Visitor: 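My questions will all concern the structure given below.
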Amino acid sequence: MGADEKRKLTRREALTTAGKVAAGIIVAGIAGGVAGYFAGSATTPTTTVTETRRETIATTITSTKTVTVSPTITVPSPAIGKEYIVRLRPSLYFADGTPLTAHDVVRSIDRVAKIEGDPAWFVLDFLDDWKALDDNTVKFTLKEPVAFFPALLAVPTYFPVHPAYKPDEIDSDQTAGGAGPYKIIKWTRDVELVLEANPHWFAGMPKTKQVIVKFYKDATALRMALEAGEVDIAWRTLRPTDIQDLKKKEGIEVLEAPGGAIRYIVFNMHIPPFDDPRVRKALAAALDRKAICEKVYLGTYEPLYSMVPMGMWSHKDSFKEKYGDRNLELARKLLEEAGYSSSNKLKIELWYTPTHYGDTEVDVATMIKQQWEEIGIVEVELKSAEWTTYLDYTRNRMLGASLYGWYPDYIDPDDYTSPFVNEAGRWLGNAYVSEELGKLLVEARIKTSIEERTILYERIQDIWAEDAVIVPFAQGKLEIAYRKGVKGVVLDPTLLLRYWLIYKEEGGRIADRIIIGVTDKVTDLDPANAYDFFTWEVLNNIMTGMMRYIPGTTELEFGLAASCSFV
């Protein structure tokens, strides 16, 4: 079945499509690994499970410490085209033993196209058609050749879901899941999620039979639960002060790793006074990123001067080159040029959401308010709304200045730039509109080499700083705390915790269960509509994609697929 040509705009509707990308991306963007993606960052964490040789999508053979899977897989050709053939592994099953075939893959993608939820752009913007050639083979017809299409097959939007999911409407509380390492046996929203090992998973039974995810109101409650032994793991999200203190606690381990999460301020250029570029530039110049990272995040974040994360190819500190750090003199000069003074102060609102980005968010907003008011002719009123309302306000152009964060969908500079500009940025209320930038972003997708693309993305970052509509200020590390005896915890830039790798040793044996505590929420168990990162983590543990990322890296390997190739 093909995608309908007439459809509503989604959060990430592209300017043209993210297609027209040539073969150079697949090596540098997908298969770079942590060492390539985060050059100079902390050592990549490893896991203690079985070491096995496997072919990866990078057309190399890599020795990787990860879960054992069948080595009988083929490597796709590096050539690309508009047709992509995926052949599934034989004898696949959903968690209840129902056979899984290529027709289930097609049915699941049909749901995404019909429902047109927030993540539907992963299908609708890239595909013209998808169909089953037989029980084990799916043919995807792309709008344009896309070298990083294998990475999209690792996104939950492409996960095959159990036939119990409603065929043409969102099924948010459906627990049937898919063909992942675990199945849901109990879910009480915002209280507890109980997972049980799936005996039909193609990679074999996970070491831990049961995983319980407990939801906590805030970081304080989560930390207390970890210290009391109520949970084995505290993850998403402890406060920086908790991380510091827990490092000193006997019996508790803290693991840190490079992260791809970034924080930024959105100035909607259609809402006064942010329609005046002098106002946006002045507020960008007055930021003291180092103070925010040190005083609020306590070193768990680092100052960021570009939307493209540090360590990713093409990163450039364009905002630092343009404005420096805490340049109050420049900020005051710009505002005076815009007509503001001690008797006519710039009065603005700064919005934040109090829990979605962790308990530190009010402190971040308060510090930014203080920094802006130090200019001397600015007054800031802080306002907040919970996440769902916050998104609605943003999309309806009700917020002039707001705090947001970003987590990677796929590993490429395109994912940190294109989704924010012109129609692709509809989810931000079309805050940033630029014909020049739009053309450059499309051109950057078409180029075939990293060198060519880097030149374009460096120019894009310079224009981004000049316009100062979306202003980055911090890039986060990943931290997780767990009790001694817990093994197999792996963190990497995908930000996904793989439950099936984790186990706990007790009295010389592996415990039957692991308890994970979080302050985040599962918003929607339907991959046709879910688009927040913790929910994606859960989906990755109860479902499997045709492709998936090798834990501890940014490289892809085969999941439900046995082979795939462009034709």
Side-chain angles (χ1 to χ4, degrees), residues 11-12 14-16 18 29 260-271 274-287 289 292 301-325 327 330-331 334 368 394 399-409 411-447 450 452-476:
R11 166 186 166 186
R12 303 285 295 274
L15 284 166
T16 54
I262 68 171
R263 298 304 313 279
Y264 53 91
I265 304 167
V266 178
F267 298 124
N268 193 310
M269 62 189 296
H270 305 289
I271 300 176
F274 306 107
D275 55 344
D276 188 334
R278 294 169 296 187
V279 170
R280 303 194 302 264
K281 292 178 182 181
L283 298 176
L287 280 177
R289 292 168 173 80
I292 296 171
Y301 276 71
E302 297 178 275
L304 180 65
Y305 301 89
S306 171
M307 292 295 286
V308 178
M310 292 177 287
M312 179 177 277
W313 58 270
S314 85
H315 168 85
K316 184 181 182 183
D317 289 336
S318 296
F319 275 85
K320 190 169 189 176
E321 294 175 4
K322 179 72 178 176
Y323 304 105
D325 261 324
N327 194 336
L330 174 59
L334 289 167
I368 293 174
T394 301
L399 309 186
S402 53
L403 299 181
Y404 267 94
W406 189 254
Y407 309 94
D409 298 315
I411 308 300
D412 192 90
D414 180 79
D415 189 49
Y416 286 88
T417 49
S418 292
F420 301 89
V421 182
N422 299 332
E423 283 303 320
R426 185 178 179 87
W427 66 282
L428 284 177
N430 295 112
Y432 194 2
V433 175
S434 170
E435 182 178 350
E436 178 186 14
L437 204 58
K439 290 179 179 178
L440 286 172
L441 288 168
V442 172
E443 186 179 354
R445 301 184 193 118
I446 297 172
K447 296 298 182 183
I450 293 301
E452 290 177 298
R453 297 188 75 212
T454 293
I455 292 171
L456 289 169
Y457 280 113
E458 287 178 346
R459 187 177 169 192
I460 286 166
Q461 289 167 85
D462 286 342
I463 295 172
W464 206 287
E466 174 66 27
D467 291 343
V469 177
I470 299 176
V471 180
F473 64 87
Q475 179 174 338

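Everything numeric in this text was worked out from a predicted model, so none of it was measured. Here, residue 1 is the first one in the sequence, and each next residue gets the next number.
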Visitor: Drop me the distance from L440's CG to I455's CD1, to the nearest 0.5 angstrom.
Guide: 12.0 Å
Visitor: If the threshold is 4.0 Å, N to carboxylate O, is there a salt bridge linking K322 and D317?
Guide: no
Visitor: After noting the C-alpha distance and the side-chain angles of K281 and E466, does the key distance pass the salt bridge (charged side-chain N to carboxylate O under 4.0 Å, His left out) rule?
Guide: CA-CA 8 Å; K281 292 178 182 181; E466 174 66 27; 2.7 Å; yes
Visitor: Determine, step by step, whether V433 and H270 satisfy the side chain to side chain contact (heavy atoms under 4.5 Å, CB included) criterion, reporting the C-alpha distance in whole Å, the side-chain angles of both residues, the deciding distance to 0.1 Å, and the verdict.
Guide: CA-CA 9 Å; V433 175; H270 305 289; 3.6 Å; yes
Visitor: The test is side chain to side chain contact (heavy atoms under 4.5 Å, CB included); show your working for E436 and R459 and say whether it passes.
Guide: CA-CA 11 Å; E436 178 186 14; R459 187 177 169 192; 3.9 Å; yes
Visitor: Could you please spell out the steps behind the side chain to side chain contact (heavy atoms under 4.5 Å, CB included) verdict for L437 and I460?
Guide: CA-CA 7 Å; L437 204 58; I460 286 166; 3.7 Å; yes
Visitor: Does any part of the side chain of W313, heavy atoms only, come nearer than 4.5 Å to the side chain of R453, both counted from C-beta?
Guide: yes
Visitor: Regarding E435 and K439, does a basic nitrogen lie under 4.0 Å from an acidic carboxylate oxygen?
Guide: yes
Visitor: Checking the side chain of N327 only, and the main-chain atoms of L330 only, is there a donor and an acceptor separated by less than 3.5 Å?
Guide: yes
Visitor: Pair Y305, D325 - check side chain to side chain donor-acceptor pair (under 3.5 Å), show working.
Guide: CA-CA 10 Å; Y305 301 89; D325 261 324; 2.5 Å; yes
Visitor: For atom CZ of R278, decide whether the heavy atoms of other residues, nucleotides or ligands shown that lie under 6.0 angstrom number more than 12.
Guide: yes
Visitor: Anything under 30° is parallel, anything over 60° is perpendicular, the rest tilted; go ahead and classify Y264 against Y404.
Guide: parallel
Visitor: After noting the C-alpha distance and the side-chain angles of F319 and D462, does the key distance pass the side chain to side chain contact (heavy atoms under 4.5 Å, CB included) rule?
Guide: CA-CA 8 Å; F319 275 85; D462 286 342; over 6 Å; no
